[in-house]
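What follows is one structure encoded as structure tokens, with my remarks underneath.
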Amino acid sequence: KGLLVLGGVSTAAASVYTLSKKYAKKLLYRHHKQEDRPSILETKFNSQNIYIKNDQDIQLRGILIPKENPQMTVLISHPFGLQAKDMQLYVPYFEDHLPEAQILLIDACAHGQSDGYSRGFGIKEVNDLVGWNKYLLETYGKDHKILMYGKEQGANTILNASGRHVLKNVEAIISDGAYTSPYDIIGYRLEADYKISKYPAISIIARHIKKAVRIDLKENTTKYGEFVCTEYQWLPLEKQKEQADKMANMTKKEKGKKD
């Protein structure tokens, strides 16, 4: 009887290990690039594709909705597993509130029409975001202003980069649904979507990914952004007011023109 129990436990453990490794590979690797289907970005907003190479010589795709002599770009970064075109529903909002700003929706590495095989969980994408930042300033001038909007993993990438002080001319950040770490959100998804107990599955997944691509899923990718907020808190009151007025005026100016 004891041997039967031990055998059952061993089989269950082996099953959890196999499922966890399989899920880790599913998270980590993209197995094929999806077809780039037409959307309202092309038909309604006359978007165009632009490309840059990241520091690993991987080609990244962006979808630009251009404006004549733009002084500002709104950069939009998508969640894990989605792509730039999945963020098209946010375009009308920015078009309405910042009509003179151009909009750039970016495909993260190994997502959408960007090249790449392995995903970076909002950690490795920081360098890619710096590449887009550099592209905008080189193309539109060193005084060009940037507003960044990120959803979930996209938000984590932006907060991570901003807190590391590697972005330039970013006037404002909109963080929508950022999470503490990939480890926490994957653990939550295991239980919510797959009805798999978080432990020990998440530990197996984290070890596999760290071994494969040297990414620590436990890294708190929003702590850098939190540091920026804390740093802002300690600015002199005059400076705080100046920064707040500056961001508020970005939308007030355009509203006044309409009225």
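Along the sequence shown, the residues carry numbers beginning at 1.
- Within 6.0 Å of OH on Y51 lie more than 12 heavy atoms contributed by other residues, nucleotides or ligands.
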Can you list the steps and then say if I106 with H78 is a side-chain contact (heavy atoms from CB on, under 4.5 Å)?
CA-CA 8 Å; I106 59 171; H78 62 79; 5.7 Å; no
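- Within the 4.5 Å cutoff, the side chain of I103 has no heavy atoms near those of the F45 side chain.
- Between I158 and S175, every side-chain heavy-atom pair lies at or beyond the 4.5 Å cut-off.
- Side-chain contact between P66 and Q48 is present, with heavy atoms from C-beta onward closer than 4.5 Å.
- The environment of CD in Q71 is sparse: at most 12 heavy-atom neighbours from other residues, nucleotides or ligands sit within 6.0 Å.
- A pairwise comparison of heavy atoms in R30 and D115 identifies NH2-C, 3.6 Å as the closest pair.
- Residue H144 forms a side chain to side chain donor-acceptor pair (under 3.5 Å) with just one option from T73, T139, N169, and that option is T73.
- Using a 4.5 Å cut-off between side-chain heavy atoms of Ile, Leu, Val, Met, Phe, Trp and Tyr, with links allowed through other members, L105 and I174 fall into the same hydrophobic cluster.
- Annotation: the span from H208 atom NE2 to Y17 atom OH amounts to 8.0 Å, rounded to 0.5 Å.
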Using the side-chain contact (heavy atoms from CB on, under 4.5 Å) rule, take K134 and E138 through it: C-alpha gap first, then chi angles, then the decisive distance, then the call.
CA-CA 6 Å; K134 187 179 177 185; E138 287 177 350; 3.0 Å; yes
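- Closest heavy-atom contact between D128 and C109: OD2-CB, 3.6 Å.
- Inter-residue side-chain proximity for M72 and E100 is flagged as unmet; no heavy-atom pair is nearer than 4.5 Å.
- Linking ILVMFWY side-chain heavy atoms closer than 4.5 Å, directly or via other members, places Y93 and V91 in a single hydrophobic cluster.
- Across all non-hydrogen atoms, the minimal contact from G122 to T157 is CA-OG1, 3.3 Å.
- For the pair F121/L28, a side-chain contact is recorded, criterion being any heavy-atom separation below 4.5 Å from C-beta on.
- Atom CD1 in I209 sits 15.5 Å away from atom CZ in R214 (nearest 0.5 Å).
- The CD1 atom of I215 lies 6.0 Å from the CD1 atom of I123; values are rounded to the nearest 0.5 Å.
- Cluster membership check: Y90 does not share its hydrophobic cluster with L82, using side-chain heavy-atom separations under 4.5 Å among Ile, Leu, Val, Met, Phe, Trp and Tyr.
- Side-chain contact between Q113 and N49 is absent, with no heavy-atom pair separated by less than 4.5 Å.
- In terms of heavy-atom proximity, Q88 sits nearest to S39 at OE1-CB, 3.1 Å.
- In this structure, I52 is a member of the same hydrophobic cluster as L167, with clusters built from ILVMFWY side-chain heavy atoms closer than 4.5 Å.
- N133 is linked by a side-chain hydrogen bond (donor to acceptor under 3.5 Å, both in side chains) to nothing, counting only residues two or more places apart in sequence or in another chain.
- Rounded to the nearest 0.5 angstrom, K67 NZ and Q102 CD are separated by 8.5 Å.
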Got a list of side-chain donor-acceptor pairs under 3.5 Å for residues 147-155, not counting sequence neighbours?
unit_1: Y149; atom_1: OH; unit_2: D176; atom_2: OD2; d: 2.6
unit_1: K151; atom_1: NZ; unit_2: D176; atom_2: OD2; d: 3.4

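- For Y179 and Y188, the ring centers sit 6.0 Å or farther from each other.
- Using a 4.5 Å heavy-atom cutoff, the side chains of Y23 and I186 are in contact.
- How far CG of L64 is from CG of L104: 6.0 Å, rounded to the nearest 0.5 Å.
- Taking the salt bridge (charged side-chain N to carboxylate O under 4.0 Å, His left out) definition, one finds that E42 meets it with K85, sequence neighbours left out.
- Of all the heavy atoms in I173 and S162, the pair that sits closest is CD1-CB, 3.5 Å.
- Smallest separation of non-hydrogen atoms from Y199 and S203: CD2-OG, 4.3 Å.
- When the side chains of ILVMFWY residues are joined at heavy-atom separations under 4.5 Å, either directly or via intervening members, I205 and L19 end up in two distinct hydrophobic clusters.
- A heavy-atom distance below 4.5 Å is not found between the side chains of F94 and I65.
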